Amino acid sequence: MDPELIAKIKANPQYNELVRKRSSFARILTVMMLLIYFGFVLLVAFNKPLLATPLAGGVTTIGIPLGVFVIVSAFILTGIYVRRANGEFDNMTKEIIEKVKK
Amino acid sequence: MRALVKTFIAAGALAGTAGAALAAGAIEGGGQQALNLEAIIMFGAFVLFTLGITKWAASRTKSAADFYTAGGGITGFQNGLALAGDYMSAASFLGISGLVFSTGYDGLIFSVGWLVGWPVILFLIAERLRNLGKFTFADVASFRLQPTPIRILAAIGTLTVVAFYLIAQMVGAGKLIELLFGLPYLYALIIVGALMIVYVAFGGMTATTWVQIIKAIMLLGGATFMALAVLAQFGFSPEALFKRATEIHPKGGAIMGPGGLVSDPVSAISLGLALMFGTAGLPHILMRFFTVADAKEARKSVFYATGFIGYFYILTFIIGFGGIVLLMNDPTYYKVAQGATSYDKIKDILGGTNMAAVHLSKAVGGSLFLGFISAVAFATILAVVAGLTLAGASAVSHDLYASVIAKGNVSEGKEVTISKVSSVIIGIIAVALGYLFEKQNVAFMVGLAFSVAASINFPVLLMSMFYKDMTTRGALIGGFIGLISSVSLVILSSTVWVDVLGNPKGSAPFPYSNPALFSMTAAFLGIWLFSKLDNSAQAQKERAAYDAQAVRSETGIGIAKASAH
């Protein structure tokens, strides 16, 4: 790739804004997924009785909705990322490319 | 007919466990034709249809891009389905529903672990992979590093993962087909091997993708029907289903909470890491990101894949519980000794607990639906092994041959030919390994594949994208540390040391069930340390090239247009 073009992009404030915004967004979501999942794993490892506690008056335990919550949260977090990345971030990328190619 | 099926399944179960192939052979003469005719017809239809697709795909597969990436013309939604098809193996369908059937809640713990790698792929890897690479993940890892050693490293990582994964799939396939269709083990292997070679060698990525899409739709459809049929019997109340299950299951209320599957915290975390980050290092999954046009479609495909796979795991949980309530009180699904009235509700199920979902299909949908689910299980195996074979063949032709041996001086046509030949060889090796490992306990191999993927492919790929100071030397040393430590720790753990090598219980030198916590950490530390210590001129050049890589990975400028049309 042309070194001049790279320098131009790197000097573009909008590019730096994009990189900053996207990486912090991705980092936050990754940490959320890690917290949710390893929180669940640590509960399994250290507090099995809590997960096996039945919900009010039935046989369904707290562990069932929690497990389903981890699955659903994985889907929702990917949805949140794709929505912003395919909208806001892609638009910014397009603008940057148009500007530097002039 | 029903009695015949029963005898046969029982004989097959025996052959599967004790290896009494003769027993199965003896039954064959008695009427193998009549056995599971629906399954054979439906599977035959699937094979004919997919071979038709392969013929169509072959006519469109001309360039290397067509062969490796289906010309880059797959949409995000299609790729999401294909990713799900690549990932939802028969092991996860039959294995997890079987695990739920025998232990209840523990099955859910596994499925959760198998899903959470996908968001990580999206947030950290997918779009950068698409922006930087062309055909294999080694394209990305070697973007600014020395191509020859990095591609050798990546190819070794790829082929190791593919080999362990393939052995597990082939052995599982042979036993399953032996049970479901009444075919002898070796014939089953040869059919699987031959079909996967045809899909990959003639149809390349286009055929492989469509096999995976069709299989994913069949599997999701079949599992949905089963779960709904189970829930319908309980007025669509999960609570009522669970209540009945705790009354029937020998473990009673204990099935609603975590059991003994995850014992110590270190093993739990280590397994969690292997499942989460191993997914992000599976070569056949990573390869699929080059089949879409751009980063936008790559992101969408992970979103859809996560949705399909998550939905599927919720279904398998319901299916496992359906097995408990609908099978456990019905002796027709059990191996009951002559004259005996009682049986072990878990151990004595015909064909083992992994067959719970298959038996349940008969219980809710009769023999026609049993045939359908059997065909789906067969199709599932085919799709997964085809994906693995393609990934392995690409590592040989694109990474080892074109880049390392020919140093890039190779025509597209020659590279594709090498890839086709490699897929034939991999297919033959897979059949041979499947035959060789028939009597072995291969359950640990999928876990090993994930551990290796998490300890070599994932660290090398991630660090090459995010760590500016990474050098070729650091990547090589760290990558090999990850590979060697993950494989040797698995051998030293009780799953291989005791269960496979037959050493006395409790003598395993490595006390945890999974190595990823140690081997993955060692790989990352190794890459970091040996990159830091590397002050060669080459290292300076590689660091200086990071800016260009970063700009391309963020913006997609210069992205490989996969399609040559």
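Each chain gets a letter, A, B and so on, in the order its sequence line appears, and its residues count up from 1. Please read all numbers here as calculations on a predicted model, not as lab measurements.
- The residue among T93(A), I64(A), V82(A), I62(A) with the most heavy atom pairs within less than 4.5 Å of chain B is I64(A).
- Of the listed residues T53(A), L43(A), L50(A), L51(A), the one with more heavy-atom pairs under 4.5 angstrom with chain B than any other is L51(A).
- Rounding to the nearest 0.5 Å places OG1 of T555(B) at 5.0 Å from CD1 of I9(A).
- Here G63(A) is the residue among G63(A), A52(A), P54(A) with the most heavy-atom pairs under 4.5 Å with chain B.
- Residues F123(B) and R27(A) are not in side-chain contact: their nearest non-hydrogen atoms beyond the backbone lie 4.5 Å or more apart.
- Taking each heavy atom of E554(B) and L18(A) in turn, the nearest pair found is O-CD2, 4.5 Å.
- With a 6.0 Å radius and a threshold of 12 heavy atoms from other residues, nucleotides or ligands, K10(A) has its NZ atom at or below the threshold.
- The environment of K243(B) atom NZ is sparse: at most 12 non-hydrogen atoms of other residues, nucleotides or ligands sit within 6.0 angstrom.
- Within 6.0 Å of CE in M32(A) there are 12 or fewer heavy atoms belonging to other residues, nucleotides or ligands.
- Separation of atoms CE (M256(B)) and OG1 (T60(A)) is listed at 5.0 Å; rounding is to 0.5 Å.
- Across all non-hydrogen atoms, the minimal contact from F40(A) to I109(B) is CE2-CA, 4.2 Å.
- Contact count versus chain B (heavy atoms, under 4.5 Å) is highest, among Y81(A), F89(A), F46(A), for Y81(A).
- Heavy-atom neighbours of chain B within the stretch residues 68-78 of chain A, taken at a separation under 4.5 angstrom, comprise V68(A), V70(A), I71(A), A74(A), F75(A), L77(A), T78(A).
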Show the atom names and distances, to 0.1 Å, of all donor-acceptor pairs under 3.5 Å that link a side chain in residues 111-122 of chain B to residues at least two apart or in another chain.
{"residue": "S111(B)", "atom": "OG", "partner": "G107(B)", "partner atom": "O", "Å": "2.9"}
{"residue": "S111(B)", "atom": "OG", "partner": "L108(B)", "partner atom": "O", "Å": "3.2"}

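- Annotation: the span from T30(A) atom OG1 to L124(B) atom CG amounts to 4.0 Å, rounded to 0.5 Å.
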Name each donor-acceptor pair under 3.5 Å that joins a side chain in residues 298-309 of chain B to protein atoms two or more places apart or in another chain, with its distance.
{"residue": "R299(B)", "atom": "NE", "partner": "E127(B)", "partner atom": "OE1", "Å": "2.9"}
{"residue": "R299(B)", "atom": "NH1", "partner": "N86(A)", "partner atom": "OD1", "Å": "2.5"}
{"residue": "R299(B)", "atom": "NH1", "partner": "D90(A)", "partner atom": "OD1", "Å": "3.3"}
{"residue": "R299(B)", "atom": "NH1", "partner": "D90(A)", "partner atom": "OD2", "Å": "3.2"}
{"residue": "R299(B)", "atom": "NH2", "partner": "D90(A)", "partner atom": "OD1", "Å": "3.3"}
{"residue": "R299(B)", "atom": "NH2", "partner": "E127(B)", "partner atom": "OE2", "Å": "3.2"}
{"residue": "K300(B)", "atom": "NZ", "partner": "E297(B)", "partner atom": "OE2", "Å": "3.1"}
{"residue": "S301(B)", "atom": "OG", "partner": "N79(B)", "partner atom": "ND2", "Å": "3.3"}
{"residue": "S301(B)", "atom": "OG", "partner": "E297(B)", "partner atom": "O", "Å": "3.1"}
{"residue": "S301(B)", "atom": "OG", "partner": "A298(B)", "partner atom": "O", "Å": "2.7"}
{"residue": "T306(B)", "atom": "OG1", "partner": "V302(B)", "partner atom": "O", "Å": "2.6"}

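- A distance of 11.0 Å separates CD1 of I6(A) from CD of Q549(B), quoted to the nearest 0.5 Å.
- Options A295(B), G310(B), G272(B) differ in how many heavy-atom pairs under 4.5 Å they form with chain A, and the most are formed by G272(B).
- Residues of residues 233-242 of chain B lying within less than 4.5 angstrom of chain A, judged on heavy atoms, are E239(B), F242(B) in numerical order.
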